[in-house]
There are 2 protein chains.
Amino acid sequence: MKFSKTTEYSLRILSHMSLNENELHSAEGLYEHLKIPKKYLQRILTDLARSGFIQSIRGRNGGFSFARSIDKIYLSEIINATEGFDWTPKCMFGFGECALDSPCKMHDLWVDANQSMLTMLSSTTLADLKSK
Amino acid sequence: MKFSKTTEYSLRILSHMSLNENELHSAEGLYEHLKIPKKYLQRILTDLARSGFIQSIRGRNGGFSFARSIDKIYLSEIINATEGFDWTPKCMFGFGECALDSPCKMHDLWVDANQSMLTMLSSTTLADLKSK
DNA sequence: ATAAAATGCTACCAGTTTGTAGTATTTAGC
DNA sequence: GCTAAATACTACAAACTGGTAGCATTTTAT
Ligand code: SF4
Ligand code: SF4
């Protein structure tokens, strides 16, 4: 019901970067604004680069900028990249395949509730976040 | 978006026990059915007893039975006991207080989605699970 | 060339969760 | 009383997440 710190941080970073979509953002600058532990933030940034959301420019005056247009980066993609792809909820009891003789009453309710959240996340882009 | 293993195990244990609400269930017997690591299951059982969902009877022919009627045990209570219930949804970016200048577009959607899941869990009892 | 400013990489540390092992304690049945 | 069958307790191991530290590498400015 809660995202991992890494996911939260990633969302914060990318949403903050999207406020100045076309600028180059340095880790130091992001740290000033977001106060995410500096070294950890660095690692997350390189991970996000490896995942293809942003691209890194090394050397002096380097930094990070978006590798794709922010209206094509869906929140679900980010979460996929940080939490792994198996975070999509199947069974609230943790069964891979249902182990009960007959499906329990929760199944549909659970799937529905999660599905609606999933739909929300996979239809919202970073660009959408800005356009309140 | 996913419960801890401990929570999943607890839900499995209690829902399975509720199929024979009034019987005495031994750890060994539950292990046979649920295949949860035996010693870990033992510990969860004593935790569930300490939490007041079940009561334990020690000694030969001992075991576990419900301490309360299963139509008064809500799923949210179980989750509360196993992972703490501070998962009341605030911000999907992990801000305690909103750190943005203006609330982002996700806020209402996020709160609503979480609220509906919360309502679902706190209105369903173990007894409800059976009555499919 | 050299120094400075930036990212990349590797290794380690701490806390939490999950799982294992062994022993102690309680109780029923004989 | 003694033994067997059950739960209770304690300590430890393994894996994961979050966080820290230090050095390597790349590039620009001078
Ligand atoms: S029916 Fe119930 S136990 Fe089976 S997969 Fe669905 S939620 Fe899980
Ligand atoms: S407005 Fe957005 S950033 Fe602020 S608390 Fe709500 S979800 Fe979080």
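The model shown is predicted, which means the values in this text are computed figures rather than measured ones. Labels below follow one simple rule: chain letters A, B, ... track the order of the sequence lines, proteins then strands, and each chain is numbered from 1.
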Visitor: For residues 60-69 of chain B, which side-chain N or O atoms pair as donor and acceptor with protein atoms under 3.5 Å away, sequence neighbours left out?
Guide:
unit_1  : atom_1 : unit_2  : atom_2 : d
B/Arg68 : NH1    : B/Lys72 : O      : 3.2
B/Arg68 : NH2    : B/Glu77 : OE2    : 3.1
B/Ser69 : OG     : B/Asp71 : OD1    : 2.6

Visitor: What nucleic acid atoms does B/Ala27 come within less than 4.0 Å of, heavy atoms only: base, sugar-phosphate, or nothing?
Guide: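 Sugar-phosphate contact only - B/Ala27 comes under 4.0 Å of backbone atoms but never of a base.
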Visitor: Mind checking who shares a hydrophobic cluster with B/Leu24, ILVMFWY linked at side-chain heavy-atom distances under 4.5 Å?
Guide: B/Ile57
Visitor: Tell me, which of residues 30-40 of chain B have any heavy atom that sits under 4.0 Å from an atom in DNA chain C?
Guide: B/Pro37, B/Lys39, B/Tyr40
Visitor: Counting only heavy atoms and a strict 4.0 angstrom limit, can you tell me which residues of residues 53-64 of chain B come near DNA chain C?
Guide: B/Arg58, B/Gly59, B/Arg60, B/Asn61
Visitor: Hey, does the side chain of B/Gln55 reach the backbone of B/Ala49 with a donor-acceptor pair shorter than 3.5 angstrom?
Guide: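 No; judged by distance alone, with no hydrogens or angles, the pair does not exist.
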Visitor: Under 4.0 Å from a heavy atom of chain B: give me the 5'-most and 3'-most nucleotides of DNA chain C that qualify.
Guide: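 Under 4.0 Å from chain B, the extent on DNA chain C is C/dT18 to C/dG29.
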Visitor: Name all residues meeting the side-chain contact (heavy atoms from CB on, under 4.5 Å) criterion together with A/Ser51; count only those two or more places apart in sequence or in a different chain, and write none if there are none.
Guide: A/Phe53, A/Ala81
Visitor: Using the salt bridge (Lys or Arg N to Asp or Glu O under 4.0 Å) rule, collect all pairs that involve residues 44-56 of chain A, keeping only residues at least two apart or in two chains.
Guide: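 As it turns out, the salt bridge (Lys or Arg N to Asp or Glu O under 4.0 Å) pairs with a partner in residues 44-56 of chain A, which skip direct neighbours, are A/Asp47-A/Arg50.
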Visitor: Please identify each residue that fulfils side-chain hydrogen bond (donor to acceptor under 3.5 Å, both in side chains) with B/Thr82, with sequence neighbours left out.
Guide: B/Thr7
Visitor: Should B/Met120 and B/Leu129 be counted in the same cluster of Ile, Leu, Val, Met, Phe, Trp and Tyr side chains packed under 4.5 Å apart?
Guide: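 Yes, B/Met120 connects to B/Leu129 through the hydrophobic network.
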Visitor: Name every donor-acceptor pair, under 3.5 Å, that has one atom in a side chain of residues 31-44 of chain A and the other anywhere in the protein, sequence neighbours excluded.
Guide:
unit_1  : atom_1 : unit_2  : atom_2 : d
A/His33 : ND1    : A/Gly29 : O      : 3.2
A/Lys38 : NZ     : A/Glu28 : OE1    : 3.4
A/Tyr40 : OH     : A/Thr6  : OG1    : 2.9

Visitor: Who passes side-chain hydrogen bond (donor to acceptor under 3.5 Å, both in side chains) against B/Asn22, sequence neighbours left out?
Guide: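 Once residues adjacent in sequence are excluded, B/Asn22 has no partner under the side-chain hydrogen bond (donor to acceptor under 3.5 Å, both in side chains) criterion.
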Visitor: For the backbone of A/Asn20 and the side chain of A/His25, can you confirm whether one donor and one acceptor N or O come within less than 3.5 Å of each other?
Guide: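 Judged by distance alone, yes, a pair lies under 3.5 Å.
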Visitor: Considering only heavy atoms of chain B and a distance under 4.0 Å, specify the first and last nucleotide of DNA chain D in 5' to 3' order that meet this criterion.
Guide: D/dA4 to D/dA11
Visitor: Show me the pairs that pass salt bridge (Lys or Arg N to Asp or Glu O under 4.0 Å) and involve residues 7-21 of chain B, at least two apart or across chains.
Guide: none
Visitor: Could you tell me whether a side-chain N or O of B/Asn80 sits under 3.5 Å from a main-chain N or O of B/Ser76, the two making a donor and an acceptor?
Guide: no
